Amino acid sequence: MTNRMIDTTLAELEQYYDTVPRVGGARAEDFGPLTLFVQEGAGWPYYARPALGGPAATAADVERVRARQRELGLPEAFEWVAENSPSLRAAAEAAGLHVHAHPLMVLEGSGELPPHPEVRLIGADDPLLAAAVTVPALAFADPGTALGEAGPAELAAALADPSLESHRASVAAKLAAGTSGMAAAVRDGVVLCSGMYNPVGEVAEVVGIGTLPSARRQGLALGVTAALVAEARARGARTVFLSAGDEDVARVYARAGFRRIATALIAEPPAAAE
């Protein structure tokens with residue numbers, strides 16, 4: 001990609017980030033340089049981010065949004081692209097937040113990744129939906145690419161956790177409405193890896209791909225990614241992107257044709273970042 005193409009893509013992603021919470025059922029609260037998205041109904045809470053075309057935010061602007069998030073009982077979370085809002089990191093850190101970085105990657109070329117024989121799409125009525133929603137939570141509790149201990153037994157225990165029920169219902173509603181898509185790697189009736197994509201117009205973000213720690217290093221995450229990319233392309237997505245958890249994960253996606261074009265930043269209180 002040329003520098004001009006990267007700039008065009010970053011502008012496209014900025015519009016996407018502002019639109020996807022609204023499509024997902026969130027209301028937008030205006031704080032001048034920042035917009036706070038508030039989920040209405042079931043589902044994971046959204047974040048605050050720079051307002052489209054707005055001025056640079058200050059630490060005082062960040063503090064105002066944090067106060068509102070606390071008032072609403074929401075996580076004090078901010079998300080943005082470093083290259084699009086370069087001064088926000090300093091403002092967030094001055095407001096006492098911890099900022100962590102994630103490689104922002106776009107799929108180059110046709111996006112035709114090789115399919116995996118154990119991966120299939122998951123619909124709203126699929127009996128494995130609950131497991132597919134739960135697997136990433138176990139994966140993110142043990143981040144990285146190394147083999148871990150959590151496996152089918154831990155998944156079975158987590159499926160009984162009632163605190164995840166609202167998130168499962170939210171995902172089912174999005175799948176039924178067509179505002180999200182999901183794929184999973186399934187072996188002997190057990191979901192080992194899963195992920196989603198969220199389309200807005202001709203842009204789709206691949207999100208939440210997680211593999212049971214005991215099933216890592218088998219190519220399952222790339223297989224799930226391939227299925228999500230193929231489905232997104234079939235539904236008209238021209239730009240497919242993702243944020244990698246860390247540099248090791250980014251190297252895995254680079255082998256599948258994703259190229260790093262920027263850095264996604266997340267700011268939250270230090271305790272939440274630990």
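None of the values given here were measured: they were computed from a predicted structure. Numbers here are sequence positions counted from 1. What you see below is based on every heavy atom in this structure, not just the backbone, and it leaves out hydrogens, waters and symmetry mates.
Using a 4.5 Å cut-off on side-chain heavy atoms (C-beta onward), Arg260 and Tyr253 make no contact.
Using a distance-only test at 3.5 Å, with no hydrogens or angles considered, a donor-acceptor pair links the side chain of Glu83 to the main chain of Thr263. Although no hydrogens or angles enter the test, the distance criterion places no donor-acceptor pair under 3.5 Å between the side chain of Ser170 and the main chain of Ser166. Gln15 places no side-chain N or O within donor-acceptor distance of the main-chain N or O of Glu12, the cut-off being under 3.5 Å. Between the side chain of Arg233 and the main chain of Arg238, a donor-acceptor pair closer than 3.5 Å is present. Put simply, the side chain of Arg235 gets close to the backbone of Gly178: a donor and an acceptor are under 3.5 Å apart.
The CD atom of Glu29 lies 9.5 Å from the CD atom of Gln69; values are rounded to the nearest 0.5 Å. Put simply, OG1 on Thr225 and CD1 on Ile209 are 3.0 Å apart, with the number rounded to the nearest 0.5 Å. Note that the CZ atom of Arg49 and the CD atom of Glu79 stand 8.5 Å from one another [nearest 0.5 Å]. With values rounded to the nearest 0.5 angstrom, Gln39 atom CD is found 10.5 Å from Arg27 atom CZ.
At a threshold of 4.5 Å between side-chain heavy atoms, the hydrophobic network of Ile, Leu, Val, Met, Phe, Trp and Tyr places Val207 and Val229 in two separate groups. Using a 4.5 Å cut-off between side-chain heavy atoms of Ile, Leu, Val, Met, Phe, Trp and Tyr, with links allowed through other members, Leu138 and Leu220 fall into the same hydrophobic cluster. Using a 4.5 Å cut-off between side-chain heavy atoms of Ile, Leu, Val, Met, Phe, Trp and Tyr, with links allowed through other members, Leu192 and Leu147 fall into different hydrophobic clusters. Linking ILVMFWY side-chain heavy atoms closer than 4.5 Å, directly or via other members, places Leu13 and Tyr47 in a single hydrophobic cluster.
Other residues sharing the hydrophobic cluster of Leu52, ordered by chain and number and joined by side-chain separations under 4.5 Å: none, the residue standing alone. When hydrophobic side chains of Ile, Leu, Val, Met, Phe, Trp and Tyr are connected at separations under 4.5 Å, Trp80 ends up clustered with Phe31, Leu34, Leu36, Val38, Val62, Val65, Leu72, Leu74, Phe78, Leu88, Leu97, Val99, Leu265.
In plain terms, the two heavy atoms of Ala183 and Val119 that are nearest each other are CB-CG1, 4.3 Å. Residues Ala131 and Leu155 approach most closely at O-CD1, 4.2 Å, considering heavy atoms. Of all heavy-atom pairs between Gly144 and Asp246, the closest is CA-OD2, 4.3 Å. When all heavy atoms of Gly24 and Lys174 are compared, the closest pair comes out as O-CE, 4.4 Å. In this structure, Gly96 and Pro270 approach most closely via the heavy-atom pair O-CD, 3.4 Å. In terms of heavy-atom proximity, Asn198 sits nearest to Ser180 at OD1-OG, 2.6 Å.
For Thr58, the side-chain contact (heavy atoms from CB on, under 4.5 Å) test picks out Ala60, Asp61, with sequence neighbours left out. Looking at residues two or more places apart in sequence or on another chain, you find a side-chain contact (heavy atoms from CB on, under 4.5 Å) between Asn84 and Leu10, Glu14, Val81. Under the side chain to side chain donor-acceptor pair (under 3.5 Å) criterion, His102 pairs with His100, not counting sequence neighbours. In terms of the side chain to side chain donor-acceptor pair (under 3.5 Å) criterion, Glu63 has no residue partners (sequence neighbours excluded). Residues forming a side chain to side chain donor-acceptor pair (under 3.5 Å) with Asp7 (at least two apart in sequence, or on another chain): none. Applying the side chain to side chain donor-acceptor pair (under 3.5 Å) test to Asp188 and every residue at least two apart in sequence or in another chain returns nothing. Legend: residues meeting ring pair (Phe, Tyr, Trp, His ring centres under 6.0 Å) with Tyr46, ordered by chain and number and at least two apart, are absent.
Pairs of residues two or more places apart, or lying in two chains, that qualify as side chain to side chain donor-acceptor pair (under 3.5 Å) and include a residue from residues 203-223 are Arg187-Gln218. Annotation: ring-ring contact (aromatic ring centres under 6.0 Å, His included) contacts involving residues 186-243, sequence neighbours excluded, comprise Tyr16-Phe241, Tyr17-Phe241. Within the structure, side chain to side chain donor-acceptor pair (under 3.5 Å) pairs that include any residue of residues 132-149 comprise Thr134-Arg168 (at least two apart or interchain).
Taking the charged nitrogens against the carboxylate oxygens, Glu93 and Arg89 do have a contact shorter than 4.0 Å, which makes a salt bridge.
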Report the C-alpha separation of Met105 and Leu242 in whole Å, then their side-chain angles, then the decisive distance to 0.1 Å, and conclude whether the side-chain contact (heavy atoms from CB on, under 4.5 Å) test is met. CA-CA 5 Å; Met105 311 181 75; Leu242 56 81; 4.1 Å; yes

Leu129 vs Leu175, side-chain contact (heavy atoms from CB on, under 4.5 Å): CA-CA, chis, key distance, verdict: CA-CA 10 Å; Leu129 174 62; Leu175 295 179; 3.7 Å; yes

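Just one of Val135, Leu228, Leu212 meets the side chain to side chain contact (heavy atoms under 4.5 Å, CB included) condition when paired with Ser194; it is Val135. The side chain to side chain contact (heavy atoms under 4.5 Å, CB included) test with Met182 singles out one residue from Asp126, Val171, Leu121, and that residue is Val171.
Within 6.0 Å of CG in Asp161 there are more than 12 heavy atoms belonging to other residues, nucleotides or ligands.
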